[in-house]
Structure formats: structure tokens, C-alpha cells
Amino acid sequence: MAIRGDGALVGTVAAEVAAATAAHGGSFSRLESGSGVADADLVLTIIEDDAGPQPAAAPAPGDHATTDDNAILRGGCVPITRDGVVGEPEAAGEPEADESFRLSRDDGSVVVEAACDRGLLYGFFHVVRLGEAAFSGPDLVERHAPATAMRMLDHWDNVAVHAVMGQVERGYAGGSIFYDDGAVRADLSRVEAYARLLASTGINRVAINNVNVHAREARLLTDDLPHVARIAAAFRPWGIRVHLSVSFAAPMTLGGLDTSDPLDPAVADWWRDAADRVWAQIPDFGGFVVKADSEGQPGPFAYGRDHADGANMLAEAVAPHGGLVHWRAFVYDHRQDWRDRSTDRARAAHDHFAPLDGRFAENVIVQVKYGPMDFQVREPASPVLAAMPRTRVALELQVTQEYTGQQKHAVYLGRQWSEILDFDFTGPDSDGDADSASRIPSPTSVAGIVAPSGGIVAVSNVGDDEFWTGHPFAQANLYAYGRLTWDPAADAVGLLDEWISLTFPGAPADVVDALHTILDESWETYERYTSPLGVGFMVRPGHHYGPDVDGYEYTPWGTYHFADRDGIGVDRTVATGTGYAGLYPEPWASVYESLETCPDELLLFFHHVPYTHVLRSGKTVIQHIYDTHFEGVERVEEFVAAWERVLGSLSGDAMSDDDAARLAGRVSERLAEQRRSAIEWRDQINTYFYRKSGIPDEQGRTIF
């Protein structure tokens, strides 16, 4: 192997290659810039200025098509010094570097070329992912580029252990990899390993603290900046920028001011000084994440200002440094009267943000949850994503499984995310302008809207657990998320295949089959034994694990199913309900408005219907509830049986007997809990609706 080029990340690639050859044999040469390319099986090289014809255009985002031309994007590289610190800041909100690469194979030898060291890093990981397959097959030339420049994870980690939420809010894999006992960890070796893991999937930005910024976490912006710099240094060799969640009230709580009014000059000055201090210590710092006027977090509403006023004030402070402000659109009234059916939490983000389209600064990214509620197993795509064409918007997903089993249940979310990314606002039968040959998302799909704008962000699912994610199979979600941010058109089951082959290399066919049996349709399985037909929630308040049909029904949070003796569902039509359906562009507004055209899987999200309403399947709503909950438990029992059949096949060349035993034990334990929980969900949901409706199960199964 041979490596040519300069840059901090080229050094990272060289270190990876050196470790690989030391462990597995072979040799490599590190060539100076400007020298010729050695004759080697694998060559990783930065394109030099005199390396040939210049391209007319960049490779298209997400373009993995085979091509025989010589095009590859050049320029746009950030100046990086030998110690990994960036040079001049970029323009606000612009991509920090060209991340594309070209892979060519000629008679079994592979050359990876990139204009920048970031592209070379991703090209190297692409070869590693392919393994021997990279060197076999016909000669080819491929171009690879990420669909979006913003591929980010948000950690909800607390520096101090929160009395209610713990070390990691909505984290299900143990403690924080960043913080312990109220301080940044002295040993960041696990963070370094995590950075390597993320880079291998394409992630390039990470926010390292909870969006609910408590008093201790607020000081990351001041007293703890040297420690934040240490974390940034752990991520930097892998091309990942660090961001901080900040409190809008920081000028008061940290700066001693008597106001946080975004239009007060003293407040703006305080934030400019804060930004200057941050970038002085971390020159490649990414920016701030803000949750404001949401669920009790402070914001501009206290001063009669709106979200654009607040976001733009922060944007002005970070703009000289090329920084970004991620302003979350998760804003709603969480103290509403449950008796008032005119207040609809689903409308809130659209009502707050759509009127502000065009008012946000260029370096503000409005971060929008994929659905209008809160990371439910089934929601319609948020209409906010299509309602702000003059604003940079990012899609927010959740890798940690708050409402999808909390990493105690095996639930592979790749299929859900693909469905969300593919959703096209021009209609259910529209292909938009998608180019299937180049895999470019339709510009009217969710992916096509966010990719050139604010990118994709998700809540991370890792912790200090031995298996990183609590449930070993939840690692598949972290992997698939990263890969889908690079290529939203990637096949979700294909990505699961990739994860299986990389996590269980050389595994026997029966192990691979068992993993697919468990994970392929696990998202749909979870939906079957939990909340039906898009109704959502029905979970225990607070911890959100396990069934509680009326748990939020009479609270101020606004998450209702409105079940009574006659029917179930929320009327969100324009004609007789809250009007939410009308927030979508046509034809979706009409599709959701009508009982005849509303998709069954979202029926109860948009309509209140009798239990005897007949679905397209020919079943009534009540029989669908009964059947799916029984079927969901049966599927989980198939998961358990499939895993038990392969327990003796796990160990091998890639896994020791001890490792296999620990893995087997953890998965078996989690599957047992999933089975127990699924039965509880089945029995509580079916019993609730049997008692509510008085309609028996057609098959006479046990309902209590």
C-alpha cells in the first residue's frame, strides 16, 4: 500500500494503514507530496495541482454511479496545520472541505484519489468496508460524495448526574463517554475510539451535551472550555467538529446581566465575547445548539421577541468564525388544558416557524423533528420541512430509542428513516425529479429538501456500556444512521447487511439469517404490539417505557388519543378538526383530509373514527388492534427462537468464546425483556379497547 499527500487526516489514514499492516501483514509506503505514485495494490493519494485535467463540476451529492470520466471536485479544502488546527475560518455555514473521493480499480489494484484529506479518509473507510470485494471484479471508476455537508449527532449527556434524567437524558446505554462525576473525563480514549467509529460511517459533527442545559452544563461555555477543547482534540483527527448546546439565558446565569433580551446590545455583546473565547481555544469549533421556549427552557418569548430574533442574535455572534446556530423547532405549549380540543400540539412547530421563513440568518439552521409530535414509531413527515424554502432546515431523527423500545427491544430503525427521507411532498405517487441512475434524491422529498440546506441530525445512542449501545443490536442503528446521512437513497436492508458483515465477519449463514429474522421488520413489529394506526404515545409518563394508554391523556402535554366508547383518534381535518391536515401542500392536504384516501397507518393521527370503521385490509379498526397486538407478540417469540437456535454458532475466528458468551447473554436477556414487554403491551392495549368498545375479538382469544 502507498499513501501520498499532506494534511492532518492523511496522517490519520497513514496510522490506520500502519496498524492494519502490522496486525495482518503487508507493508505500506508514505510518499511525499509531488512524488510519483508507487506500484501497489492500494494507493491512497491527494490529487496534486498538476495531476491532470480540472473537472467542470463537482460529483453530484450521493452519486455512487460508475463513470469513466476523470472528474473529481477540487479546492475547498480548509487550511490545516500539522498539529491539526485549522487555519483561516470559513464563510458562515459553508462546508468545511471537499469530502468526495474517486475510487478506481485496474486489474485488481485500487487507487483512491481525493482533493482533500477528508475525502481520502472517507475513501479509505470505503475500501475497508468493502474488504476483499474492493479488489475483485471488473475494472471501474467510481465517484463518491456525501449527499449533505451536515451529518451530525446530538448527545443528550449531562456533566452532572441529573436527579431525574441521570447522566444521559433519554440514554439507554449507561453513563456518558464524555463526563463522569460532574467533570469531563480525564481519560478520553473511549471518545477517540468513538470518533473513529463515527468517521467510518460518515459523521462529521457532534454536539456533546444535552439540549436541556442545566446549571452545571452551562459552564462548558466558560469555566470548562479547556476541557471542551480536549474533547475537540479527540474528534479532530477524524474530521469531526464539536458543537455545544447552550442556554439562551446564559448572559444572566453566567454573565450576571439582568436580561437575555436578544435585542439588548449588552446581550449581543456578551454572546460575541463568548463566541470569541470559544473559537480562540477551539478554532474549528462548529457552533451552538439551542432549545428555546420549549418545555420550560428559556427563550426570546419572555421579551416579546420571536425565534428569528433569538437565533439571529446568536448567528451574528458566531458568524465571524464560520460558526452555525442549530435552533430547534421543537416548540409547543406543554401546559395546555386537556379539555380544550382546539389546541393541537402537532400544529405547534408549523405555527411558530413557518411565518418566520426568510427571516433567519444564513448561518442559522432550523432543526425540525421528522414528525410533528415526538419521535413516535409512526408519524407523518413534519410539514415544517416543506414550509420554509427560504430557511436552512435540518431533519432531526432519534437514534436512541426513546419511544421505540429504549435499546431494550431489538428495533432496527433504518427502514423508518428511509421511509421518512423518501417522503415526497409533491404526492404519494410522485417521483419528483429524482435521477435513479445517480441516486440523487428528489428535490421535493425530505432528503432532497434538507440535504443541500441544513443536513441531517440525530440524537446519539451510545454510552459507556460494554456494548456501546446497551443492546448490541442497537449498534445497527448508529451504523445505518451514519451511512444514510452520506447516501439517503441507500437501501436500509442493504445497510443492515453491511453492519452484519462488519460486526460478525465470516459468520455462518444461520447466524446471518437469524439476525435478519430479528431485525429486518423489527420496526414494524414494534409498531404492531404498541400504538396502532399512528395514534402514538400510550406510554408511561416520565420514563416513557411500557404501556399506559391514558398516561398522557389528561395531562398538560397535549398527547391525546381521545378514545371513548364510540371511537378513537384525533380529528385533525380542516373541515371539523384542528386544521393540521391543511398545513401540508397539495395533494397531501387532501389525502390526509379524507377518510377515503388517508393511509391506514396514519388514520388515527388524522381522524376520529368508530371502532367499526373498515380499513383497506377489510378489517375493522378494533379487530386490527386485536390482531396486530397478538401478531406482534408472535413475531417477538420468533425473534427469541431464532436467536436461541444460533447460540452455539457465534464464536469463531473473529470472536472468542468469552466474547461470544457475553454477547449471547446480553442479547438473550434483552430479547426476554422484549417478549415480556410485548405481552404487557398486548394485554393492556387489547383489554383497554375491549372494555372501551365492548366489541369482542372475532377469534375469541384471551382478552382480560
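This structure is a prediction, so every number in the text was calculated from the model and none was measured.
- Ring pair F425/F423: centre-to-centre distance below 6.0 Å.
- By the 4.5 Å heavy-atom criterion applied to side chains, L324 and H326 are counted as neighbours.
- For the pair K408 and Y545, the cation sits on the ring face: its NZ or CZ lies under 6.0 Å from the ring centre, inside 45° of the axis.
- Between H409 and Y526, a ring centre-to-centre spacing shorter than 6.0 Å is recorded.
- Between N212 and E169 there is a side-chain heavy-atom pair separated by less than 4.5 Å.
- Residues L397 and V457 are not in side-chain contact: their nearest non-hydrogen atoms beyond the backbone lie 4.5 Å or more apart.
- Remark: R341 qualifies as a cation-pi partner of F562 under the 6.0 Å distance and 45° angle criteria applied to the six-membered ring.
- Ring geometry, H334 versus W557: the interplanar angle falls from 30° to 60°, so the pair is classed tilted.
- Between D627 and K619, at least one side-chain nitrogen of the basic residue sits less than 4.0 Å from a carboxylate oxygen of the acidic one, meeting the salt-bridge criterion.
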Original post:
Can you list the steps and then say if F689 with H624 is a ring-ring contact (aromatic ring centres under 6.0 Å, His included)?
Top reply: CA-CA 11 Å; F689 287 107; H624 173 90; over 10 Å; no

**OP:** Output, in order, the C-alpha distance, side-chain angles, deciding distance and verdict of side chain to side chain contact (heavy atoms under 4.5 Å, CB included) for T612 and V621.
**Re:** CA-CA 6 Å; T612 54; V621 166; over 6 Å; no

**OP:** Decide yes or no on ring-ring contact (aromatic ring centres under 6.0 Å, His included) for Y552 and Y560, but give the supporting numbers first.
**Re:** CA-CA 7 Å; Y552 279 109; Y560 314 126; 9.3 Å; no

Subject >> R345 vs D333, salt bridge (charged side-chain N to carboxylate O under 4.0 Å, His left out): CA-CA, chis, key distance, verdict >> reply: CA-CA 7 Å; R345 173 172 168 176; D333 178 8; over 6 Å; no

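- Taking CD of E593 as the reference point, atom CD of E586 lies at 9.5 Å (rounded to 0.5 Å).
- Under the 4.0 Å criterion applied to side-chain N and carboxylate O atoms, E524 and R378 are not assigned as salt-bridge partners.
- No hydrogens or angles considered: nothing links the side chains of T525 and S522 as a donor-acceptor pair under 3.5 Å.
- Side chain to side chain, S594 and E596 meet the donor-acceptor criterion of an N or O pair below 3.5 Å.
- Ring-centre distance between Y332 and F330: below the 6.0 Å cut-off.
- Between Y584 and P383 the shortest heavy-atom distance is OH-CD, 3.5 Å.
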**OP:** Start with the C-alpha gap between D571 and T576, add the side-chain angles, then the distance that decides, and say whether side chain to side chain donor-acceptor pair (under 3.5 Å) holds.
**Re:** CA-CA 7 Å; D571 184 355; T576 57; 2.5 Å; yes

**OP:** For Q674 and Y529, run side chain to side chain donor-acceptor pair (under 3.5 Å): C-alpha distance rounded to whole Å, both residues' side-chain angles, the deciding distance at 0.1 Å, then the answer.
**Re:** CA-CA 11 Å; Q674 185 170 1; Y529 62 76; 3.2 Å; yes

Subject >> Step-by-step side chain to side chain donor-acceptor pair (under 3.5 Å) determination, N363 to E316 >> reply: CA-CA 9 Å; N363 59 328; E316 183 179 357; over 6 Å; no

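- In terms of heavy-atom proximity, S245 sits nearest to N209 at N-OD1, 2.8 Å.
- Judged by distance alone, the side chains of H629 and R528 never bring a donor and an acceptor atom under 3.5 Å apart.
- Taking the six-membered ring for Trp and the full ring otherwise, F353 and H307 have centroids separated by under 6.0 Å.
- For the residue pair Q401 and N461, no side-chain donor N or O sits within less than 3.5 Å of a side-chain acceptor on the partner.
- The environment of R335 atom CZ is sparse: at most 12 non-hydrogen atoms of other residues, nucleotides or ligands sit within 6.0 angstrom.
- Remark: the Q398 side chain and the E402 side chain contain an N/O donor-acceptor pair separated by less than 3.5 Å.
- Using a 4.0 Å cut-off between charged side-chain N and carboxylate O, D261 and R305 make a salt bridge.
- With 3.5 Å as the limit, one finds a donor-acceptor pair spanning the side chains of Y688 and D550.
- Using a 4.0 Å cut-off between a side-chain N of Lys or Arg and a carboxylate O of Asp or Glu, E680 and R540 qualify as a salt bridge.
- Between the CG atom of L413 and the OH atom of Y481 there is a distance of 12.5 Å, given to the nearest 0.5 Å.
- Taking CG of N477 as the reference point, atom CG of L519 lies at 8.5 Å (rounded to 0.5 Å).
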Subject >> Steps toward salt bridge (charged side-chain N to carboxylate O under 4.0 Å, His left out) verdict (R359, D309) >> reply: CA-CA 9 Å; R359 283 194 49 211; D309 294 327; 3.0 Å; yes

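- Defined by atom type and a distance below 3.5 Å, a donor-acceptor pair is present between the side-chain atoms of T578 and D344.
- Ring centroids of F301 and H352 are separated by less than 6.0 Å, placing the two rings close together.
- Between Y403 and F537, the gap from one ring centroid to the other is short of 6.0 Å.
- Aromatic ring centroids of F605 and H561 lie 6.0 Å or more apart.
- Checked by atom type, the side-chain pair D424/S442 shows a donor-acceptor distance below 3.5 Å.
- Rounding to the nearest 0.5 angstrom, the gap separating the CE atom in M152 from the CG atom in L395 is 13.5 Å.
- Between R616 atom CZ and T597 atom OG1 the span is 7.0 Å, to the nearest 0.5 Å.
- Looking only at atom types and distance, the side chain of S531 has no donor-acceptor partner in the side chain of E527 under 3.5 Å away.
- Side-chain contact between D520 and V493 is present, with at least one heavy-atom pair separated by less than 4.5 Å.
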Subject >> side chain to side chain donor-acceptor pair (under 3.5 Å) between Q407 and T400, worked out >> reply: CA-CA 7 Å; Q407 291 162 218; T400 194; 3.1 Å; yes

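- For the pair Y611/D566, no side-chain contact is recorded, criterion being any heavy-atom separation below 4.5 Å from C-beta on.
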Subject >> K692 and D564: CA distance, side-chain angles, deciding distance, salt bridge (charged side-chain N to carboxylate O under 4.0 Å, His left out) verdict >> reply: CA-CA 6 Å; K692 206 80 164 178; D564 54 30; over 6 Å; no

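- A donor-acceptor pair under 3.5 Å links the side-chain atoms of R151 to the main chain of T148, judged by distance alone.
- In this structure, the separation between CD1 on I679 and CD on Q684 is 12.5 Å, given to the nearest 0.5 Å.
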